[in-house]
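One structure is given below, encoded as structure tokens.
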Amino acid sequence: MSDSVATNTSTAEATEPTFDQFGLSADILKAVRESGYTTPTPIQAQAIPVVLAGRDVMGAAQTGTGKTASFSLPIIQRLLPNANTSASPARHPVRALMLTPTRELADQVAANVQTYSKHTPLRSTVVFGGVDMNPQSDALRRGVEILIATPGRLLDHVQQKTVNLGQVQMLVLDEADRMLDMGFLPDLQRILNLLPKERQTLLFSATFSPEIKKLASTYLRNPQTIEVARSNSTNANVRQIVYEVHESDKSGAVAQLIRERELKQVIVFCNSKIGASRLARVLEKDGIVATAIHGDRSQSERMQALDAFKRGEIEALVATDVAARGLDIAELPAVINFDLPFNAEDYVHRIGRTGRAGASGDALSLCSANERKQLADIEKLIKRPLEVEPLEVTMRARRDGTAPRRDERFGRPERPERTERRHTSRDESGPRRRTAGTHDRPRGRQQPIDEFFLKPYEPSPSAMKRHEETVEPERKSAPKQPLAALLGGLGMPRKS
DNA sequence: AAAAAAC
């Protein structure tokens, strides 16, 4: 009964584990083989048997560890015996529901499910906001066994009575911590109240915060905990470098890193939507094919950007944290943090976009003087100091669309003696269309250098001290809403 | 402080 899932086989060490060992149907194995997978990842090796056995799961796994397959494959398997080829929608009630925090993630999980189930009679579809409801409604009316959704649009469909969740036997909450962060708890509660109490529930989360534990204790029954890598740890395949740069040099630094390292594909993370759009424009003007992806862009723009990036048509995908979690882009060699994230956990997720599936990757972060707090938080979370080096930005990203000037130093301290400012329009780079107005020229560009840049960053003494002081970092994240009240007031049975 | 998600 009591079960340590993974590690009881001494023979498994001798022979390479394969997908055949789980007793999955030939149709599923065929699809897995066609996808090019031969060896289950640790999370798959652990989760698949547990899910097949019908148990609830509380899973902590980094995205990109093969998590999606770890629940999709056994769910498909469990649905198979009662699958039928009937065209009648009534014969295809939703029996497995998978919820994700972002639309892109939903789309991606759906693509995986589609792939793994393609040789089976099972049907699946995905619903999320920002796009026309009608095609989604049509697909639901035709009937699907597996539904992947973001919570808001799913509730919309519930209200429109285009979907019935009364037959759901298996529920997946993917990136559950993220969903709570995003304030999805009320939506989740509404959805969960529509589901049969008798069901299998799988909850995946990057962290096991108190909120997550509370959610799990409310909605999961005697779950098996599966933890592959310690959460908050980072992938050893990812080389992390922090470059100290002046805030105003960041755009140029990004362009420079892309050029110097000849990065063909890179995701650049920004903290704000406006910042992402702006950086994408600047990079474009510097001759780098770039597109922004964030929540203020239309869903079709978002999908277009992501598709073009996956096809290799875009060099730099400039993103907010909408793209931080879960997105699987094959062979992404690097990510750049234009800003350090406010939330240290997002750093782990961002850099998790690279170095996936055993490949190596670089996580390059720009850190300005006012981001040291974030840097300290990150080091605390990942429990080690980061390699920090100065970056000499020799390339200036130009806002006016001209080519970047090379080998031009800037951002130095102000000259001791004041040089005469020429207020007339100038420049040997050809005639300007318009005379530069006073605010066309960035004022105060020559800011005094911050002391951050004068003395070398000292990770060793202070960071190590921090490191030691925080071996057991306490979680801060206070819930935005009184979570206990919300959970308490909903009258769901605590695990029976 | 900012991002994400339903209309």
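Every chain is numbered from 1 and lettered A, B, ... according to where its sequence line falls, protein lines coming before strand lines. These figures come from a predicted structure and were not determined experimentally.
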Q) Taking the side chain of A/Gln159 as heavy atoms from C-beta outward, which of B/dA6, B/dA3, B/dA4 is closest to it? A)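 Selected nucleotide (nearest to the side chain): B/dA6.
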
**Q.** Nearest listed nucleotide, side chain of A/Phe342, among B/dA3, B/dA2, B/dA6
**A.**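 Out of B/dA3, B/dA2, B/dA6, the nucleotide with an atom closest to A/Phe342's side chain is B/dA2.
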
How long is the line joining [atom1] of [X] and [atom2] of [N], in whole Å?
X        : N     : atom1 : atom2 : result
A/Ile274 : B/dA2 : CD1   : P     : 9 Å
A/Asn337 : B/dA3 : CG    : P     : 15 Å
A/Lys161 : B/dA6 : NZ    : P     : 20 Å
A/Gln374 : B/dA2 : CD    : C1'   : 11 Å
A/Asp177 : B/dA4 : CG    : C1'   : 13 Å
A/Leu155 : B/dA5 : CG    : P     : 15 Å
A/Phe184 : B/dA6 : CZ    : P     : 6 Å
A/Met182 : B/dA1 : CE    : P     : 20 Å

Does a nitrogen or oxygen in the side chain of [X] sit under 4.0 Å from OP1 or OP2 of [N]?
X        : N     : answer
A/Arg178 : B/dA5 : no
A/Arg103 : B/dA5 : yes
A/Thr102 : B/dA5 : no
A/Thr150 : B/dA6 : yes
A/Arg302 : B/dA5 : yes

Q: Could you check whether A/Asp321 gets within reach of a base, just the sugar-phosphate, or nothing at all, counting any heavy atom under 4.0 Å?
A: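 A/Asp321: no heavy atom of the nucleic acid under 4.0 Å.
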
Q: Nearest 0.5 Å please: distance from the CD atom of A/Glu104 over to the CG atom of A/Leu306.
A: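 Rounded to the nearest 0.5 Å, the CD-CG separation comes out at 6.0 Å.
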
Q | A/Glu389 atom CD, neighbour heavy-atom count above 12 within 6.0 Å | A |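 It does: A/Glu389 CD has more than 12 such atoms within range.
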
Q | Exercise: do A/Ser209 and A/Glu211 side chains pair donor with acceptor under 3.5 Å | A |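 Short answer, yes.
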
Q. By side-chain contact (heavy atoms from CB on, under 4.5 Å), which residues pair with A/Ala308, not counting sequence neighbours?
A.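 A/Ala308: side-chain contact (heavy atoms from CB on, under 4.5 Å) contacts with A/Arg311, A/Glu313, A/Ile314.
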
Q. Side chains of A/Ile241 and A/Asp362: does their closest heavy-atom pair fall under 4.5 Å?
A.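 A/Ile241 vs A/Asp362: side chains apart.
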
